[in-house]
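First comes the structure, then the notes that go with it.
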Amino acid sequence: MSANSSQPIRVALAGCGTVGTGVLRILVQRGDELYARSGLRFEVAAILERDPTRPRGVAVPHARFVRAPDELDELLVDGSVDVLVEVLGGTDAARHVALAALEKGLPVVTANKALIAIHGRELFDVARRHGTCVAFEASCAGGVPVVAAIQRGLIATRINAVYGIVNGTCNYVLTEMLEKNRSYAEALGEAQRLGYAEADPTLDVDGTDSAHKLAILALLALGADLDVGAIDVEGIQSIHQADLAIARTLGYACKLLAIGLRTDAGLSLRVHPALVPLDHPLARTRGVTAAAVFLGDAMDQLVLSGSGAGSLPTAGAVVSDLVEVACGNARRDFERLPIFREPNRAPPFVPAGDMEYRYYLRCFVDREPNAAAITNILASARVDVDTRTRPDADSVVLITRRVREDDLRAAVAEVRKLVPEPPPVVLRFVEPNGE
Ligand SMILES: NC(=O)c1ccc[n+]([C@@H]2O[C@H](COP(=O)([O-])OP(=O)(O)OC[C@H]3O[C@@H](n4cnc5c(N)ncnc54)[C@H](OP(=O)(O)O)[C@@H]3O)[C@@H](O)[C@H]2O)c1
């Protein structure tokens, strides 16, 4: 597809929920402004929505409404649209409509990280075979333009680490727990009430959503193979308010981080709650804000932060992709960048157990002999303890020196033989260099 200034670019919009409505608002209500800045006009020609009568606050008199993916297929085939915007969510219907468009040679713009992380390789292959492209700026950090940063501004930089806060729901929950002294359940309930979390927030809090985004970031920034299964994932469900408060007294903030790191042995990809120094930019990233840190050979750190979600910020990223597609840039990127075609040249992944960290370990013991026994268990498992404190009568906090993850896991398994429940809280310290 190439833009012709006299003809509007006809968009099929699959999904008209939070993001889709934002896309409509920008294309319809701010069309003149967008034209003034981009020289391009877009027309929403088709909308896939289960309930077309739902009020969306934007009139789209020329759009044809369809209720099912199969009906959209017909419009993609009959030449009445130029580009598909997929903002349905999920992977089944999303994959269906994306493949239908690509097989017809139409470019696809999506905000759907699960779609790219799980089916990206297939979609890239089909796009390449049909001379078109897939654009997914909104998929990693909503309104924060991380994809453009990697593919353009940082193209000459060898990125050694990309890490950050990519799930606003988790960051909101952790911020509320610390600042308002709320329990995990209370903070999550508040996130749901405010519309930050889904009715079923499992994929947010268990780290899956962050892993999807990390898979994409690592593909772009580190040349990783697109493989969510290679990511070691932990969520925030077992974090207690007390751990956040103790961490702060130690000079750290606890954040759910997605971390991609280039090491001598290969790539380490992981998602887990992590302790970062209070003066680090990520420690100051509060609420639903997203932030990504890039470290490269030719630069100090670059930090991008902003609205990681929400209707208009995310829709803004979708529309920026539409402009890139219409200008032909997206397709040129697709043809030019090896990440979309050379998975076999990707560096190997480092097994999670081989990585080394300093750990925060809080074990629940109310008797001093047990606290002492835990220290001995760690010593016999080659886990060196740096400091040991008792923040309250019911627990002991041990800060280790840098130790192998496998050794720490073995030690924790031994600790659980002594104190089966509740399980210890284990947090990794993350240094500013991402290690
Ligand atoms: N919301 C954000 O801030 C944000 C930020 C970044 C990326 N994203 C991504 O953007 C995508 C859309 O998110 P969203 O928040 O806009 O979701 P949403 O509010 O749930 O909107 C999705 C819309 O698609 C419709 N839909 C889903 N499956 C359909 C099907 N098979 N046939 C017809 N209609 C269907 C839904 O209809 P029903 O309501 O009837 O199911 C709904 O109107 C997701 O992939 C999400 O991960 C969202």
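What you are looking at is a predicted structure, and each value in this text was computed from that prediction instead of being measured. We count ligands from 1, going down the list as the structure has it; atoms in each ligand are counted the same way.
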Exercise. Taking atom types as modelled, find out whether Asn160 and Arg158 have a side-chain donor-acceptor pair closer than 3.5 angstrom.
Key: yes
Quiz item: Can you list every pair that meets side-chain hydrogen bond (donor to acceptor under 3.5 Å, both in side chains) and has a residue in residues 304-317, with sequence neighbours left out?
Solution: none
Exercise. Scan for side-chain hydrogen bond (donor to acceptor under 3.5 Å, both in side chains) pairs involving residues 278-297, sequence neighbours excluded, and state none if there are none.
Key: Tyr163-His280, Glu179-Arg286
Quiz item: Between the side chains of Asp204 and Tyr196, does any donor sit under 3.5 Å from an acceptor?
Solution: no
Practice problem: Heavy-atom cut-off of under 4.0 Å around ligand 1: list whichever protein residues fall inside it, by chain and number. | Solution: Gly15, Cys16, Gly17, Thr18, Val19, Leu48, Glu49, Arg50, Arg54, Arg67, Val87, Leu88, Gly89, Ala93, Ala111, Asn112, Lys113, Ala138, Ala309, Gly310, Thr314
Quiz item: Below 6.0 angstrom between ring centroids: does that apply to Phe334 and Phe124?
Solution: yes
Quiz item: Among pairs that include at least one residue of residues 96-115, which meet salt bridge (Lys or Arg N to Asp or Glu O under 4.0 Å), considering only residues two or more places apart or in two chains?
Solution: Lys113-Asp209
